[in-house]
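Lettering of chains follows the sequences in order, A, B, ..., and the numbering in each one begins at 1. Remember, predicted model here, so these are calculated numbers, not experimental data.
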Protein chains: 2
Amino acid sequence: MVQKAKPPAAAAEPKRRGRPRAYEPDIALGKALDLFRRQGFASTSLDDLSEATGMNRPSLYSAFGDKRELYIKSYQRYREDARASMAEIFRQEMPVRQRLERIFASALNIYLSGETGPRGCFTVVTAASEAVGDPEIRAMVLDGLTELDKAFANCFRRAKEKGELPASADPSVLAQLASATVHTIAIRSRARVPRKELEAIVTGAIDVMVGGKR
Amino acid sequence: MVQKAKPPAAAAEPKRRGRPRAYEPDIALGKALDLFRRQGFASTSLDDLSEATGMNRPSLYSAFGDKRELYIKSYQRYREDARASMAEIFRQEMPVRQRLERIFASALNIYLSGETGPRGCFTVVTAASEAVGDPEIRAMVLDGLTELDKAFANCFRRAKEKGELPASADPSVLAQLASATVHTIAIRSRARVPRKELEAIVTGAIDVMVGGKR
DNA sequence: GGATTAACTTGCGATATGGTACAAAAAGCA
DNA sequence: TGCTTTTTGTACCATATCGCAAGTTAATCC
């Protein structure tokens with residue numbers, strides 16, 4: 001039930017007035033995200049969330065709203081994190097192959113980490129869940145899929161401009177193949193396919209996309 | 001609550017002894033499958049299943065066992081259907097490209113059909129659900145993924161033997177790309193990506209796998 | 001027609017779940 | 001020291017869910 005005994009989290013705080021919070025919203029949201037990602041929306045109870053975050057239900061409620069809102073906020077958080085690591089990879093100039101390797105390695109790390117087994121990709125998990133019945137959630141999922149496509153397309157477009165790919169290469173087709181590779185490893189990771197095999201799939205896909213190993 | 005008013009389903013029946021069933025197990029299982037596929041395990045209640053199948057809960061029980069068993073039987077049924085259409089496609093001799101087109105078209109039909117929106121792929125839905133926590137279900141999912149890989153590998157191996165693919169082509173790598181394409185359209189279909197776009201993804205992937213359109 | 005068999009219908013009980021009301025607690029402010 | 005403000009902790013409610021028990025109905029067998 002306890003989360004952390006350090007109330008003065010960030011340095012500068014404007015001296016809040018009432019009783020201090022016993023939790024840090026950011027890390028609590030992270031715990032909720034982990035749970036939702038592993039168990040899905042429907043089979044994660046508020047009791048589970050309460051235990052994982054160290055907050056009791058009323059606190060959860062006042063901090064994040066009801067279960068659906070908490071799920072949405074968790075997903076947004078997931079996307080922000082993913083975007084951040086993507087941006088990091090796109091910051092420097094490098095060969096396509098290397099950039100692809102980094103992107104896939106990052107994906108694998110996200111999907112395979114987790115204390116109680118691989119967690120997979122939250123976008124894929126949400127897409128496959130009953131939650132897609134909710135139009136707002138479905139829109140977010142679609143946006144997540146599109147964002148990944150665009151990142152890969154950007155990657156291949158740059159490569160083509162630099163002459164790393166033949167003129168016949170279609171960046172958007174390659175991007176969809178790359179996204180497909182991400183999706184397949186996300187799914188396989190949930191089935192506990194060992195890391196080695198997932199890495200082999202990635203390597204094979206890269207070879208096909210940018211030309212054989214060298 | 002009513003399912004069908006035709007008791008003498010198949011022609012030859014060994015004259016059962018007690019009160020006749022008011023349902024046909026096969027079509028009931030199909031309805032259950034539809035529901036599970038759309039809503040997932042956790043958020044499909046026995047009441048939902050009862051209504052969809054036209055059987056009340058005790059009948060469901062005696063026919064299929066508890067909810068988990070029903071889910072497993074639904075998944076097995078799904079796999080049998082998928083295997084059957086695969087076998088059909090592999091029956092005759094044809095160019096790789098055409099065979100791939102048929103396989104993907106079949107997948108699209110399965111994923112996009114459904115009265116209340118696309119249903120997606122049951123293997124993918126199960127992989128992404130909380131049900132993977134169950135070792136037996138996880139094993140079935142893994143088996144489903146592997147079976148698809150093998151079917152595609154078989155397809156590419158034949159093509160290579162017939163000289164349709166260059167000697168450098170690696171059937172198992174191509175197979176994983178093809179599976180990845182299936183997985184990505186399964187996921188996107190759940191996000192309601194329109195059929196046209198999914199078909200474009202398939203076409204692009206085929207071009208990359210077996211060489212440009214001709 | 002009566003016995004037997006198998007399925008159907010109704011209804012229940014134990015538990016879990018999402019959500020909330022209300023009072024105690026811990027801080028600042030005067 | 002009292003007062004206000006914000007959060008926590010406990011308890012609760014209405015509902016939903018799974019699974020099953022007991023009795024009823026409809027068919028065949030003798």
>> Walk along nucleotides 24-30 of chain C from 5' to 3' and tag each nucleotide B, S or - by protein heavy-atom contact under 4.0 Å, base first, then sugar-phosphate.
In response: -BBBBS-
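Listed by chain and residue number, nothing satisfies the salt bridge (charged side-chain N to carboxylate O under 4.0 Å, His left out) test with Arg19(B) (two or more places apart in sequence, or in another chain). With sequence neighbours excluded, the residues forming a salt bridge (charged side-chain N to carboxylate O under 4.0 Å, His left out) with Asp143(B) are Arg79(B), listed by chain and number. A search for side-chain hydrogen bond (donor to acceptor under 3.5 Å, both in side chains) contacts involving Arg38(B) returns Thr116(B), not counting sequence neighbours. Under the ring-ring contact (aromatic ring centres under 6.0 Å, His included) criterion, Phe64(A) pairs with no residue, sequence neighbours left out. Judged as a side-chain hydrogen bond (donor to acceptor under 3.5 Å, both in side chains), and not counting sequence neighbours, the contacts of Arg188(B) are Asp149(A), Thr184(B). Asp47(A) is linked by a side-chain hydrogen bond (donor to acceptor under 3.5 Å, both in side chains) to nothing, counting only residues two or more places apart in sequence or in another chain. In this structure Arg195(B) satisfies the salt bridge (charged side-chain N to carboxylate O under 4.0 Å, His left out) test together with Glu199(B), sequence neighbours excluded.
Of the residues in residues 65-78 of chain B, not one comes within less than 4.0 Å of DNA chain C through any heavy atom. Of the residues in residues 34-49 of chain B, Thr44(B), Ser45(B), Leu46(B) come within less than 4.0 Å of DNA chain D through at least one heavy atom, sorted by number.
Note that Arg99(B) lies in the cation-pi zone of Phe90(B), set by a 6.0 Å cut-off to the ring centre and a 45° limit from the axis.
Checked by atom type, the side-chain pair Thr123(A)/Tyr75(A) shows a donor-acceptor distance below 3.5 Å.
Between the CG atom of Leu60(A) and the P atom of dT20(C) there is a distance of 13 Å, given to the nearest Å. Distance Glu24(B) CD to dC8(C) P: 12 Å, rounded to the nearest Å. Taking atom OH of residue Tyr23(A) and atom P of nucleotide dT6(D), one finds them 13 Å apart after rounding to whole Å. Distance Arg21(B) CZ to dT5(C) C1': 14 Å, rounded to the nearest Å.
Residue Ser59(A) places at least one side-chain N or O closer than 4.0 Å to OP1 or OP2 of dT8(D). Between Asn56(A) and dG9(D), a side-chain N or O to OP1/OP2 separation shorter than 4.0 Å is present.
Among residue pairs with one or both ends in residues 113-125 of chain B, those qualifying as salt bridge (charged side-chain N to carboxylate O under 4.0 Å, His left out) are Asp34(B)-Arg119(B); sequence neighbours excluded.
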Let me have the donor-acceptor pairs involving side chains of residues 81-88 of chain B, under 3.5 Å, with sequence neighbours excluded, atom names and distances please.
residue  : atom : partner   : partner atom : Å
Arg83(B) : NH1  : Glu147(B) : OE1          : 2.7
Arg83(B) : NH1  : Glu147(B) : OE2          : 3.1
Ser85(B) : OG   : Asp81(B)  : O            : 3.1
Ser85(B) : OG   : Ala82(B)  : O            : 3.2
Glu88(B) : OE1  : Arg91(B)  : NH1          : 2.7

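For Arg57(A), the side-chain atoms get nearest to dG19(C) when compared with the rest of dT8(D), dC12(C), dG19(C). Among the nucleotides dC20(D), dG9(D), dT9(C), the one closest to any side-chain atom of Tyr61(B) is dC20(D).
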